[in-house]
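All values reported here derive from a predicted model rather than from experimental measurement. Order of listing sets the numbers, starting from 1, for every ligand and every atom in it. Starting from 1, each residue takes its place in the sequence as its number.
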Amino acid sequence: ASAYETVLVEKRDKVALIQLNRPKALNSINQQVIEDLNKAVLDANADNGIGAIVLTGSNRAFAAGADIKMMEPLSFSDTYMGGLFNDLENITKAKKPIIAAVNGFALGGGCELAMMCDFIYAGEKAKFGQPEITLGVLPGAGGTQRLTRSVGKSKAMEMCLTGNFIDAQEAKQIGLAAQVFPVDELVDRAVAVGQKIASFSKVAVALNKEAVNAAYETTLQLGLDYEKRLFYASFATKDQKEGMSAFREKRKPQFTDE
Ligand code: CAA
(Lines give C-alpha, C1' and ligand atoms only; values in the text may rest on other atoms or scores of the structure.)
Protein backbone atom coordinates (compact mmCIF):
# COMPACT_ATOMS: atom_id res chain seq x y z
CA ALA A 1 0.00 0.00 0.00
CA SER A 2 1.27 3.45 -0.88
CA ALA A 3 1.61 6.17 1.72
CA TYR A 4 0.05 8.56 -0.78
CA GLU A 5 -3.30 8.87 -2.52
CA THR A 6 -2.07 9.94 -5.94
CA VAL A 7 1.57 8.84 -6.25
CA LEU A 8 3.36 5.51 -5.96
CA VAL A 9 6.91 5.43 -4.65
CA GLU A 10 9.31 2.59 -5.23
CA LYS A 11 12.91 2.43 -4.11
CA ARG A 12 15.09 0.81 -6.74
CA ASP A 13 18.54 0.55 -5.19
CA LYS A 14 19.75 4.17 -5.04
CA VAL A 15 16.93 5.64 -7.13
CA ALA A 16 13.51 6.72 -5.90
CA LEU A 17 10.93 6.06 -8.61
CA ILE A 18 7.92 8.32 -8.13
CA GLN A 19 4.92 7.53 -10.29
CA LEU A 20 1.92 9.81 -10.66
CA ASN A 21 -1.12 7.63 -10.13
CA ARG A 22 -4.43 9.35 -10.78
CA PRO A 23 -5.48 7.29 -13.79
CA LYS A 24 -9.15 8.37 -13.90
CA ALA A 25 -8.10 11.90 -14.79
CA LEU A 26 -4.94 11.11 -16.81
CA ASN A 27 -2.77 12.19 -13.87
CA SER A 28 -4.11 15.72 -14.04
CA ILE A 29 -2.78 17.85 -11.23
CA ASN A 30 -4.95 18.91 -8.30
CA GLN A 31 -4.03 19.93 -4.74
CA GLN A 32 -3.72 16.30 -3.62
CA VAL A 33 -1.26 15.52 -6.41
CA ILE A 34 0.81 18.58 -5.52
CA GLU A 35 0.87 17.60 -1.82
CA ASP A 36 1.71 13.96 -2.50
CA LEU A 37 4.36 14.80 -5.07
CA ASN A 38 6.04 17.36 -2.82
CA LYS A 39 6.11 14.97 0.09
CA ALA A 40 7.45 12.09 -2.03
CA VAL A 41 10.21 14.28 -3.49
CA LEU A 42 11.05 15.75 -0.08
CA ASP A 43 11.30 12.27 1.46
CA ALA A 44 13.53 11.00 -1.35
CA ASN A 45 15.66 14.13 -1.13
CA ALA A 46 16.16 13.56 2.60
CA ASP A 47 16.95 9.85 2.26
CA ASN A 48 20.72 9.23 2.44
CA GLY A 49 20.28 5.99 0.53
CA ILE A 50 18.86 7.81 -2.49
CA GLY A 51 21.02 9.59 -5.05
CA ALA A 52 18.54 10.43 -7.81
CA ILE A 53 14.81 10.61 -8.41
CA VAL A 54 12.86 9.49 -11.47
CA LEU A 55 9.41 11.00 -11.94
CA THR A 56 7.04 9.22 -14.29
CA GLY A 57 3.35 8.71 -15.03
CA SER A 58 1.56 5.97 -16.93
CA ASN A 59 2.03 4.82 -20.51
CA ARG A 60 -1.01 6.87 -21.49
CA ALA A 61 -0.17 10.06 -19.62
CA PHE A 62 2.71 11.58 -17.73
CA ALA A 63 0.17 14.24 -16.76
CA ALA A 64 -2.58 15.77 -18.92
CA GLY A 65 -2.24 19.13 -17.20
CA ALA A 66 -3.79 20.89 -14.30
CA ASP A 67 -7.19 19.52 -13.28
CA ILE A 68 -9.56 21.51 -15.51
CA LYS A 69 -12.67 20.47 -13.58
CA MET A 70 -11.09 21.75 -10.36
CA MET A 71 -10.13 25.07 -12.02
CA GLU A 72 -13.35 25.82 -13.87
CA PRO A 73 -15.25 27.51 -11.00
CA LEU A 74 -12.29 29.44 -9.59
CA SER A 75 -12.30 33.25 -9.55
CA PHE A 76 -9.33 35.57 -9.95
CA SER A 77 -9.14 36.09 -6.20
CA ASP A 78 -9.32 32.33 -5.54
CA THR A 79 -6.28 31.78 -7.74
CA TYR A 80 -4.38 34.91 -6.74
CA MET A 81 -4.94 34.82 -2.99
CA GLY A 82 -4.59 31.04 -2.89
CA GLY A 83 -1.41 31.09 -5.00
CA LEU A 84 -2.72 28.40 -7.35
CA PHE A 85 0.13 26.03 -8.39
CA ASN A 86 2.79 27.98 -6.45
CA ASP A 87 3.53 24.87 -4.38
CA LEU A 88 4.17 22.72 -7.45
CA GLU A 89 7.47 24.62 -7.79
CA ASN A 90 8.67 23.19 -4.45
CA ILE A 91 10.04 20.11 -6.19
CA THR A 92 12.63 22.35 -7.88
CA LYS A 93 14.17 22.95 -4.43
CA ALA A 94 15.41 19.35 -4.21
CA LYS A 95 19.20 19.08 -4.22
CA LYS A 96 19.02 15.64 -5.76
CA PRO A 97 18.45 15.44 -9.49
CA ILE A 98 15.01 14.59 -10.81
CA ILE A 99 14.70 12.88 -14.20
CA ALA A 100 11.30 13.13 -15.89
CA ALA A 101 10.43 9.91 -17.75
CA VAL A 102 7.57 10.95 -20.00
CA ASN A 103 5.33 8.39 -21.67
CA GLY A 104 2.10 9.59 -23.26
CA PHE A 105 0.69 13.06 -22.71
CA ALA A 106 2.69 15.82 -21.01
CA LEU A 107 0.30 18.70 -21.55
CA GLY A 108 -0.14 22.06 -19.85
CA GLY A 109 0.85 21.63 -16.21
CA GLY A 110 2.15 18.16 -17.16
CA CYS A 111 4.64 19.62 -19.62
CA GLU A 112 5.46 22.29 -17.04
CA LEU A 113 6.02 19.63 -14.37
CA ALA A 114 8.36 17.73 -16.71
CA MET A 115 10.29 20.96 -17.30
CA MET A 116 10.65 21.51 -13.52
CA CYS A 117 12.67 18.29 -13.50
CA ASP A 118 16.39 18.43 -14.29
CA PHE A 119 16.11 16.67 -17.61
CA ILE A 120 13.51 14.86 -19.64
CA TYR A 121 13.59 11.43 -21.24
CA ALA A 122 10.69 10.75 -23.60
CA GLY A 123 9.07 7.48 -24.60
CA GLU A 124 8.49 7.15 -28.36
CA LYS A 125 4.75 7.85 -28.00
CA ALA A 126 5.14 10.93 -25.81
CA LYS A 127 3.28 14.12 -26.70
CA PHE A 128 4.18 17.51 -25.28
CA GLY A 129 2.07 20.65 -25.50
CA GLN A 130 0.80 23.79 -23.84
CA PRO A 131 -2.91 23.69 -24.79
CA GLU A 132 -4.00 26.33 -22.25
CA ILE A 133 -4.87 28.68 -25.11
CA THR A 134 -7.68 26.31 -26.11
CA LEU A 135 -9.20 26.76 -22.63
CA GLY A 136 -9.09 30.55 -22.76
CA VAL A 137 -6.10 30.86 -20.44
CA LEU A 138 -2.33 30.59 -20.60
CA PRO A 139 0.30 28.36 -19.00
CA GLY A 140 0.54 29.10 -15.28
CA ALA A 141 3.36 26.90 -14.01
CA GLY A 142 6.31 27.93 -16.14
CA GLY A 143 5.13 27.05 -19.65
CA THR A 144 5.81 30.48 -21.09
CA GLN A 145 9.12 30.81 -19.21
CA ARG A 146 10.87 27.44 -18.92
CA LEU A 147 9.75 26.36 -22.38
CA THR A 148 11.07 29.59 -23.94
CA ARG A 149 14.43 29.22 -22.18
CA SER A 150 14.55 25.57 -23.15
CA VAL A 151 13.60 25.70 -26.84
CA GLY A 152 13.77 29.39 -27.79
CA LYS A 153 11.12 31.98 -28.55
CA SER A 154 9.85 30.85 -31.94
CA LYS A 155 9.00 27.27 -30.97
CA ALA A 156 7.68 28.21 -27.51
CA MET A 157 5.52 30.93 -29.03
CA GLU A 158 4.19 28.54 -31.66
CA MET A 159 3.33 25.91 -29.05
CA CYS A 160 1.65 28.38 -26.67
CA LEU A 161 -0.30 30.23 -29.38
CA THR A 162 -1.53 27.14 -31.26
CA GLY A 163 -1.82 24.63 -28.43
CA ASN A 164 -0.47 22.05 -30.90
CA PHE A 165 1.29 18.99 -29.51
CA ILE A 166 4.78 17.90 -30.51
CA ASP A 167 5.94 14.30 -30.54
CA ALA A 168 8.94 12.73 -28.83
CA GLN A 169 11.29 13.03 -31.81
CA GLU A 170 10.54 16.71 -32.22
CA ALA A 171 10.91 17.24 -28.46
CA LYS A 172 14.38 15.75 -28.71
CA GLN A 173 15.23 17.69 -31.84
CA ILE A 174 14.40 21.04 -30.18
CA GLY A 175 16.21 20.14 -26.96
CA LEU A 176 13.17 19.70 -24.72
CA ALA A 177 13.90 15.99 -24.24
CA ALA A 178 17.47 14.74 -23.80
CA GLN A 179 16.76 11.31 -25.33
CA VAL A 180 13.96 9.15 -26.72
CA PHE A 181 13.50 5.50 -25.73
CA PRO A 182 11.01 2.75 -26.65
CA VAL A 183 7.91 3.01 -24.46
CA ASP A 184 8.54 -0.22 -22.56
CA GLU A 185 12.19 0.61 -21.87
CA LEU A 186 11.80 4.24 -20.86
CA VAL A 187 11.45 3.90 -17.09
CA ASP A 188 14.21 1.29 -16.78
CA ARG A 189 16.57 3.40 -18.88
CA ALA A 190 15.81 6.49 -16.78
CA VAL A 191 16.35 4.51 -13.57
CA ALA A 192 19.67 3.15 -14.94
CA VAL A 193 20.87 6.69 -15.64
CA GLY A 194 19.67 7.63 -12.15
CA GLN A 195 21.80 4.78 -10.71
CA LYS A 196 24.83 6.08 -12.57
CA ILE A 197 24.29 9.59 -11.16
CA ALA A 198 23.71 8.06 -7.71
CA SER A 199 27.12 6.36 -7.90
CA PHE A 200 28.86 9.74 -7.83
CA SER A 201 29.47 12.03 -4.87
CA LYS A 202 26.12 13.46 -3.76
CA VAL A 203 27.81 16.77 -3.05
CA ALA A 204 29.36 16.88 -6.53
CA VAL A 205 26.02 15.98 -8.10
CA ALA A 206 24.26 18.77 -6.20
CA LEU A 207 26.99 21.29 -7.12
CA ASN A 208 26.68 20.35 -10.80
CA LYS A 209 22.90 20.71 -10.66
CA GLU A 210 23.12 24.06 -8.92
CA ALA A 211 25.66 25.40 -11.40
CA VAL A 212 23.70 24.37 -14.50
CA ASN A 213 20.53 25.85 -13.00
CA ALA A 214 22.36 29.13 -12.41
CA ALA A 215 22.64 29.45 -16.21
CA TYR A 216 18.86 29.88 -16.30
CA GLU A 217 18.88 32.70 -13.78
CA THR A 218 21.69 35.01 -14.68
CA THR A 219 24.02 36.67 -17.19
CA LEU A 220 27.00 34.80 -18.65
CA GLN A 221 29.69 36.58 -16.62
CA LEU A 222 27.80 36.25 -13.32
CA GLY A 223 27.08 32.63 -14.16
CA LEU A 224 30.74 31.95 -14.91
CA ASP A 225 31.73 33.58 -11.63
CA TYR A 226 29.11 31.52 -9.80
CA GLU A 227 30.39 28.34 -11.42
CA LYS A 228 33.97 29.19 -10.37
CA ARG A 229 32.87 29.72 -6.74
CA LEU A 230 31.15 26.32 -6.72
CA PHE A 231 34.11 24.70 -8.50
CA TYR A 232 36.53 26.11 -5.91
CA ALA A 233 34.15 25.03 -3.13
CA SER A 234 34.28 21.45 -4.43
CA PHE A 235 37.96 21.41 -3.36
CA ALA A 236 36.78 21.66 0.24
CA THR A 237 35.20 18.20 -0.04
CA LYS A 238 36.71 14.81 0.80
CA ASP A 239 35.12 13.49 -2.36
CA GLN A 240 37.37 15.74 -4.48
CA LYS A 241 40.46 14.19 -2.86
CA GLU A 242 38.95 10.73 -3.19
CA GLY A 243 37.95 11.19 -6.84
CA MET A 244 41.33 12.53 -7.88
CA SER A 245 43.44 10.08 -5.83
CA ALA A 246 41.37 7.18 -7.20
CA PHE A 247 42.13 8.39 -10.72
CA ARG A 248 45.86 8.57 -9.96
CA GLU A 249 45.84 5.15 -8.27
CA LYS A 250 43.77 3.67 -11.13
CA ARG A 251 41.01 2.40 -8.81
CA LYS A 252 37.29 3.01 -8.35
CA PRO A 253 36.52 5.98 -6.07
CA GLN A 254 34.66 5.40 -2.79
CA PHE A 255 32.70 8.58 -2.32
CA THR A 256 31.45 9.40 1.18
CA ASP A 257 29.43 12.50 0.31
CA GLU A 258 31.61 14.66 2.53
N1 CAA B 1 -8.18 17.87 -16.10
C2 CAA B 1 -9.21 17.11 -15.67
N3 CAA B 1 -9.57 15.95 -16.25
C4 CAA B 1 -8.88 15.54 -17.32
C5 CAA B 1 -7.80 16.29 -17.83
C6 CAA B 1 -7.45 17.49 -17.17
N7 CAA B 1 -6.41 18.25 -17.55
N8 CAA B 1 -7.30 15.63 -18.90
C9 CAA B 1 -8.04 14.53 -19.04
N10 CAA B 1 -9.00 14.47 -18.09
C11 CAA B 1 -10.02 13.44 -17.91
C12 CAA B 1 -11.11 13.55 -18.95
O13 CAA B 1 -12.04 14.53 -18.57
C14 CAA B 1 -11.67 12.16 -18.95
O15 CAA B 1 -12.49 12.00 -17.83
P16 CAA B 1 -14.02 11.44 -18.00
O17 CAA B 1 -13.81 10.05 -18.52
O18 CAA B 1 -14.56 11.52 -16.62
O19 CAA B 1 -14.68 12.33 -19.00
C20 CAA B 1 -10.43 11.30 -18.72
O21 CAA B 1 -9.45 12.16 -18.13
C22 CAA B 1 -9.87 10.73 -20.00
O23 CAA B 1 -9.64 11.78 -20.91
P24 CAA B 1 -10.25 11.81 -22.41
O25 CAA B 1 -11.50 11.03 -22.48
O26 CAA B 1 -10.32 13.24 -22.84
O27 CAA B 1 -9.09 11.03 -23.18
P28 CAA B 1 -8.65 11.20 -24.71
O29 CAA B 1 -7.68 10.09 -24.96
O30 CAA B 1 -9.83 11.35 -25.61
O31 CAA B 1 -7.86 12.60 -24.78
C32 CAA B 1 -6.29 14.28 -23.98
C33 CAA B 1 -6.66 12.77 -24.05
C34 CAA B 1 -5.92 14.78 -25.39
C35 CAA B 1 -5.11 14.38 -23.06
C36 CAA B 1 -7.48 15.07 -23.45
O37 CAA B 1 -7.93 14.47 -22.27
C38 CAA B 1 -7.18 16.51 -23.16
O39 CAA B 1 -7.13 17.33 -24.05
N40 CAA B 1 -6.97 16.86 -21.84
C41 CAA B 1 -6.77 18.22 -21.42
C42 CAA B 1 -5.36 18.71 -21.76
C43 CAA B 1 -5.20 20.16 -21.35
O44 CAA B 1 -5.86 21.03 -21.86
N45 CAA B 1 -4.29 20.43 -20.39
C46 CAA B 1 -4.01 21.76 -19.94
C47 CAA B 1 -4.77 22.00 -18.66
S48 CAA B 1 -4.64 23.72 -18.13
C49 CAA B 1 -3.18 23.81 -17.26
O50 CAA B 1 -2.43 22.87 -17.17
C51 CAA B 1 -2.90 25.13 -16.58
C52 CAA B 1 -1.49 25.29 -16.15
O53 CAA B 1 -0.62 25.68 -16.94
C54 CAA B 1 -1.07 25.08 -14.76
Discussion item. Any nitrogen or oxygen of G109 lying under 3.5 Å from a nitrogen or oxygen in ligand 1? Just yes or no.
Written reply: yes
Worksheet entry | For M71, the ligand 1 atoms whose distance to one of its heavy atoms is below 4.0 Å | 48 (S)
Side-chain donor-acceptor pairs of residues 194-206 under 3.5 Å, sequence neighbours excluded:
unit_1: Q195; atom_1: OE1; unit_2: K14; atom_2: N; d: 3.2
unit_1: Q195; atom_1: NE2; unit_2: R12; atom_2: O; d: 2.7
unit_1: S199; atom_1: OG; unit_2: K196; atom_2: O; d: 2.6
unit_1: S201; atom_1: OG; unit_2: V203; atom_2: N; d: 3.3
unit_1: S201; atom_1: OG; unit_2: A204; atom_2: N; d: 3.1
unit_1: S201; atom_1: OG; unit_2: D239; atom_2: OD2; d: 2.6
unit_1: K202; atom_1: NZ; unit_2: N48; atom_2: O; d: 2.9
unit_1: K202; atom_1: NZ; unit_2: D257; atom_2: OD2; d: 3.2

Discussion item. Considering non-hydrogen atoms of the protein only, which is the closest contact for atom 20 (C) of ligand 1, and what is the distance?
Written reply: K24 O, 3.5 Å
Fill in: Flag: protein heavy atom within less than 4.0 Å of atom 48 (S) of ligand 1
yes
Fill in: Atoms in ligand 1 flagged as close to L135, the criterion being non-hydrogen separation under 4.0 Å
44 (O), 47 (C), 48 (S)
Worksheet entry | Which of the ligand 1 atoms, numbered from 1, are nearer than 4.0 Å to a heavy atom of F85 | 54 (C)
Worksheet item: Should L20 and T56 be marked as a side chain to side chain contact (heavy atoms under 4.5 Å, CB included) after you check the CA-CA gap, both sets of side-chain angles, and the distance that decides it?
Response: CA-CA 6 Å; L20 297 173; T56 195; over 6 Å; no
Fill in: Closest approach of any protein heavy atom to atom 25 (O) of ligand 1, naming residue and atom
R60 NH2, 4.5 Å
Worksheet item: Please state which protein non-hydrogen atom is closest to atom 36 (C) of ligand 1 and give its distance, to 0.1 Å?
Response: L26 CD1, 4.7 Å
Item to complete: For atom 3 (N) of ligand 1, find the nearest protein heavy atom and state the residue, atom name and distance (0.1 Å precision).
Response: S28 OG, 3.9 Å
Worksheet item: Hey, does A66 come in under 3.5 Å of ligand 1, counting only N/O atoms on both sides?
Response: yes
Discussion item. Using the rule given for side chain to side chain contact (heavy atoms under 4.5 Å, CB included), can you reason through L222 versus T219, listing the C-alpha separation, both sets of side-chain angles and the distance that settles it, and then say yes or no?
Written reply: CA-CA 5 Å; L222 283 173; T219 61; 3.4 Å; yes
Worksheet item: Within the structure, does at least one protein heavy atom fall under 4.0 Å of atom 7 (N) of ligand 1?
Response: yes
Worksheet entry | Distance, nearest 0.5 Å, that separates CZ of R229 from CG of L207 | 14.0 Å
Item to complete: Could you check atom 4 (C) of ligand 1 against the protein and tell me its nearest heavy-atom contact, residue, atom and distance included?
Response: A25 O, 3.9 Å
Worksheet entry | Close-contact set for ligand 1 against E112 heavy atoms, below 4.0 Å | 52 (C), 53 (O), 54 (C)
Worksheet entry | Per-atom contacts, ligand 1 versus G108 - under 4.0 Å to a heavy atom | 46 (C), 50 (O)
Item to complete: Would you mind checking which non-hydrogen protein atom is closest to atom 1 (N) of ligand 1, with the distance to 0.1 Å?
Response: I68 N, 2.9 Å
Practice prompt. Check the angle between the aromatic planes of F76 and Y80 and answer parallel, tilted or perpendicular using the 30° and 60° thresholds.
Written response: parallel
Discussion item. Which heavy atom of C117 sits nearest to which heavy atom of I99, and what is that distance?
Written reply: CB-C, 4.4 Å
Discussion item. So that I can tick it off, tell me whether K155 and E158 are bridged by a salt bridge, with the cut-off set at under 4.0 angstrom between side-chain N and carboxylate O.
Written reply: yes
Discussion item. So if I count the atoms of ligand 1 from 1 in the order they appear, which ones are less than 4.0 Å from some heavy atom of P139?
Written reply: 53 (O)
Worksheet item: Which other residues end up in the same hydrophobic cluster as L220, if Ile, Leu, Val, Met, Phe, Trp and Tyr are linked when side-chain heavy atoms come under 4.5 Å apart?
Response: L224
Worksheet item: Is ligand 1 less than 4.0 angstrom away from at least one heavy atom of G143?
Response: no
Discussion item. Give me the nearest non-hydrogen protein atom to atom 38 (C) of ligand 1 as residue plus atom name, then the distance to 0.1 Å.
Written reply: L107 CD1, 4.7 Å
Worksheet item: Is the closest protein non-hydrogen atom to atom 45 (N) of ligand 1 under 4.0 Å?
Response: yes
Discussion item. Counting only nitrogen or oxygen atoms and a 3.5 angstrom limit, does K69 reach ligand 1?
Written reply: yes
Fill in: Donor-acceptor pair between E35 and Y4 side chains, under 3.5 angstrom
no
Fill in: Protein heavy atom under 4.0 Å of atom 18 (O) of ligand 1
yes
Worksheet item: ligand 1 and E132, any nitrogen or oxygen pair closer than 3.5 angstrom?
Response: yes
Worksheet item: Nearest protein heavy atom to atom 42 (C) of ligand 1: under 4.0 Å?
Response: yes
